[in-house]
Amino acid sequence: MLEFFSPVIQKALLAAGITTEKAIQIEQPSDKKFGDFSTNIALLCAKECRKNPRELAQALVPYLLFPPDTVASIEVAGAGFINFYLSPLFIMRSVEQVLFDGDHYGKGVLGIGKSAIVEYVSANPTGPLTIGRGRGGVLGDCIANLLETQGYKVTREYYFNNAGRQMQILGESVRLRYLELCKQVLEFPTTHYQGEYIRDIAETIYAQYGETLEKSDELSFFKTSAETSLFNSIRQTLQRLGIRHDTFFNEHTLYLADESGMAANQRVIDALHEKGFIDNYDGATWFRTTKLGQEKDKVLLKSSGEPSYRLPDIAYHITKFERRFDMIVNVFGADHIDEYPDVLEALNILGYDTARIKIAINQFVTTTVDGKTLKMSTRKGNADLLDDLIDDVGVDATRLFFIMRGKDSHLNFDVELAKKQSKENPVFYLHYAHARICSLLRLALQERAFDPHNSVHHHLLRKLSSPSEIQLGFALLDYPDVVKTSLRLLEPQKMVEYLHSLAELFHRFYQECPILKAETDICTARLLLSVATRQVLRNGFSILGVSAPESM
RNA sequence: GCCCUUGUAGCUCAGUGGAUAGAGCAACAGUUUCCUAAACUGUAGGUCGGCGGUUCGAGUCUGCCCGAGGGCACCA
């Protein structure tokens, strides 16, 4: 709605002879008695105009000229707020727009002609996905969906590493478990992967090859088997959640020489060296972050000559620029919070426009079962496996619970609540609203041969005027703004909250207004309002990646 | 010790420097001759962790203190 109000306010300021640098802000007051929308522009300008904000607001009002039948009234209130009330006609006309746009309602043009990359999950294949990773996965997936609604061409990328020390340890862990199956007595080191899944992989190998591999010192077979198995498991889990990736970027490619005969990692060292940010001491190569005010330099090349994780990270991000993405979104968990400032610093030094990069960090998840909070543990048991959670509460609850709180909040996943078949459970409440509308429309088809796709009666919506109808219509009109806000803040939680309030408004409308029992025109209008509500619920669900059940 | 996130109603959480701090759930009291009561309406519930500072105005910005989670490797 900013696009609607802003130009009018801009003109009014001009007409009233007020010049200001301040950006126009439009907000929805928490209380309807302060209008449908309001602006604080008079308060913002009061100081530089050296005028009382209330007087300034009063002076502005005569110049606020909106198209006919849009804004019903304008009031000055409080310290100098200007409050706008929309006309019911305007609201109902926008409901017609919802019906007209259908699946496209809420789409925008912000990203048309632009490309975006969203990197998420990015777990190395050293174990099955944990609940914590799941939150980031769903968050990333929703952000990618949001970008697509605005016309961005989105690449969903998974960055992983199947080389290096962790993978060696993984292979060794599997080999040791295999040897145990061959009745060898040995000590399993605490530094190795303890998970039950290691035994499973070893058993599969044992079942297939018996003890024929017992004498082999060759690790790579065990490593490769483990990697293949775990990567499959990860991808299967993601698939269950409806999370897909377009590209898998292997960190290892950054170590290999390209056409120019040089590895991407080496090019980063050279480029940083040229800028004077490389130093060699203690046998290692360092990124001189002390020059940037940090306490310590950071190792790029270890004394063994191998890159530390930081170097390929920088090189990897450079590829995102080289691949010419207009927007670069990185989604990762709080455990990687210290990683990105160094990467950004390096990119800045090398002259890349880091304003294109957006970072979404999600805090961790604790699960509550029977009122008891379990802390996530990667070591023993499989209580923190994402697959187990999905088995337990289902895909929709898993997805929705992960994003129904702000990403910065330390999420408390109440497993009991997620399984409840009642209003307490937000998943259920949202589903029910949708199913209820579907059921209503099935009946309307039977009793009145109502066709939701027939547009000849759309104008009847303008006959609706009761508070619950107007409020519902108003909420529908708000949807495109909610999409934009969710994207701007990288926060799909805003969408969840919105859809919940939309469901609530629908239930109230349904309760207060008889639909099929109403006289013909009103009945049709109310059915159309219901169709529009269902449309917006569906559009929102599809961004969140939850299903839209037709009956329950 | 340092860094990041966080502390708002009994619980889970919103809150973009602005109006009397909001929502959901739980609690309590009501609503079905009627399209899904798997719902709706109403009531009650607060020292915004604490103490200062910035300004016309602070839950929001800032300083310190306290609590919670995470991170501080030549691991990724």
Pairing check on [N]: which nucleotide meets the Watson-Crick or G-U wobble criteria with it, both distances under 3.5 Å?
| N | result |
| --- | --- |
| B:rC72 | B:rG1 |
| B:rU60 | none |
| B:rA19 | none |
| B:rA9 | none |
| B:rU33 | none |
| B:rG45 | none |

Please measure how far the [atom1] atom in [N] lies from the corresponding atom in [M], and state the result in whole Å.
| N | M | atom1 | value |
| --- | --- | --- | --- |
| B:rA26 | B:rU12 | P | 15 Å |
| B:rG7 | B:rU43 | C1' | 29 Å |
| B:rG49 | B:rC40 | C1' | 37 Å |
| B:rU62 | B:rG18 | P | 15 Å |
| B:rA73 | B:rG15 | P | 33 Å |
| B:rU20 | B:rG30 | P | 35 Å |
| B:rG70 | B:rG10 | P | 26 Å |
| B:rC66 | B:rC51 | C1' | 11 Å |

Select one nucleotide: of [options], the one nearest the side-chain heavy atoms of [X].
| X | options | result |
| --- | --- | --- |
| A:R442 | B:rA14, B:rA39, B:rU36 | B:rU36 |
| A:Q493 | B:rA38, B:rA73, B:rC13 | B:rC13 |
| A:I337 | B:rA39, B:rU36, B:rG70 | B:rG70 |
| A:R405 | B:rA19, B:rC74, B:rC13 | B:rC13 |
| A:Y432 | B:rA76, B:rG70, B:rA39 | B:rA39 |
| A:H410 | B:rC34, B:rG69, B:rA76 | B:rG69 |
| A:R165 | B:rA76, B:rU36, B:rC75 | B:rC75 |
| A:S551 | B:rC74, B:rA76, B:rU36 | B:rU36 |
| A:A284 | B:rC74, B:rC13, B:rU5 | B:rC74 |
| A:D335 | B:rG24, B:rU6, B:rG71 | B:rG71 |

Hey, is the side chain of [X] pairing donor to acceptor with the base of [N] inside 3.5 Å?
| X | N | value |
| --- | --- | --- |
| A:S303 | B:rC74 | yes |
| A:N83 | B:rA19 | yes |
| A:S38 | B:rA19 | yes |

Answer yes or no: is there a donor N or O on one side and an acceptor on the other, between the side chain of [X] and the main chain of [Y], under 3.5 Å?
| X | Y | result |
| --- | --- | --- |
| A:D481 | A:M1 | yes |
| A:S6 | A:E3 | no |
| A:S308 | A:V299 | yes |

Under 4.0 Å between a side-chain N/O of [X] and OP1 or OP2 of [N], yes or no?
| X | N | answer |
| --- | --- | --- |
| A:R508 | B:rU41 | yes |
| A:K494 | B:rU16 | no |
| A:Y429 | B:rC40 | yes |
| A:K302 | B:rC75 | yes |

Pi-cation contact, A:F428 with A:K420 (under 6.0 Å, within 45°): no

Lys/Arg cation over aromatic A:F450: A:R442, 6.0 Å, 45° cone: no

Please state how far atom [atom1] in [X] lies from atom [atom2] in [N], giving the value in whole angstrom units.
| X | N | atom1 | atom2 | answer |
| --- | --- | --- | --- | --- |
| A:L417 | B:rA26 | CG | P | 10 Å |
| A:E295 | B:rG71 | CD | C1' | 14 Å |
| A:I361 | B:rG70 | CD1 | P | 16 Å |
| A:D338 | B:rG69 | CG | C1' | 14 Å |
| A:D408 | B:rU5 | CG | C1' | 6 Å |
| A:M404 | B:rG24 | CE | C1' | 10 Å |
| A:K419 | B:rA38 | NZ | P | 22 Å |

Distance flag, aromatic centroids of A:F231 and A:Y158, threshold under 6.0 Å: yes

Output field: ring centroids A:F81/A:F34 closer than 6.0 Å: no

Sugar-phosphate only, base, or nothing, as touched by A:C513 at under 4.0 Å among non-hydrogen atoms: base

Syn or anti for B:rU6 (syn when the glycosidic angle lies within 90° of 0): anti

Any A:D396 side-chain heavy atom under 4.5 Å of A:L544 side chain: no

ring centroid sep under 5.5 Å plus plane angle under 30, A:F34 with B:rA19: yes

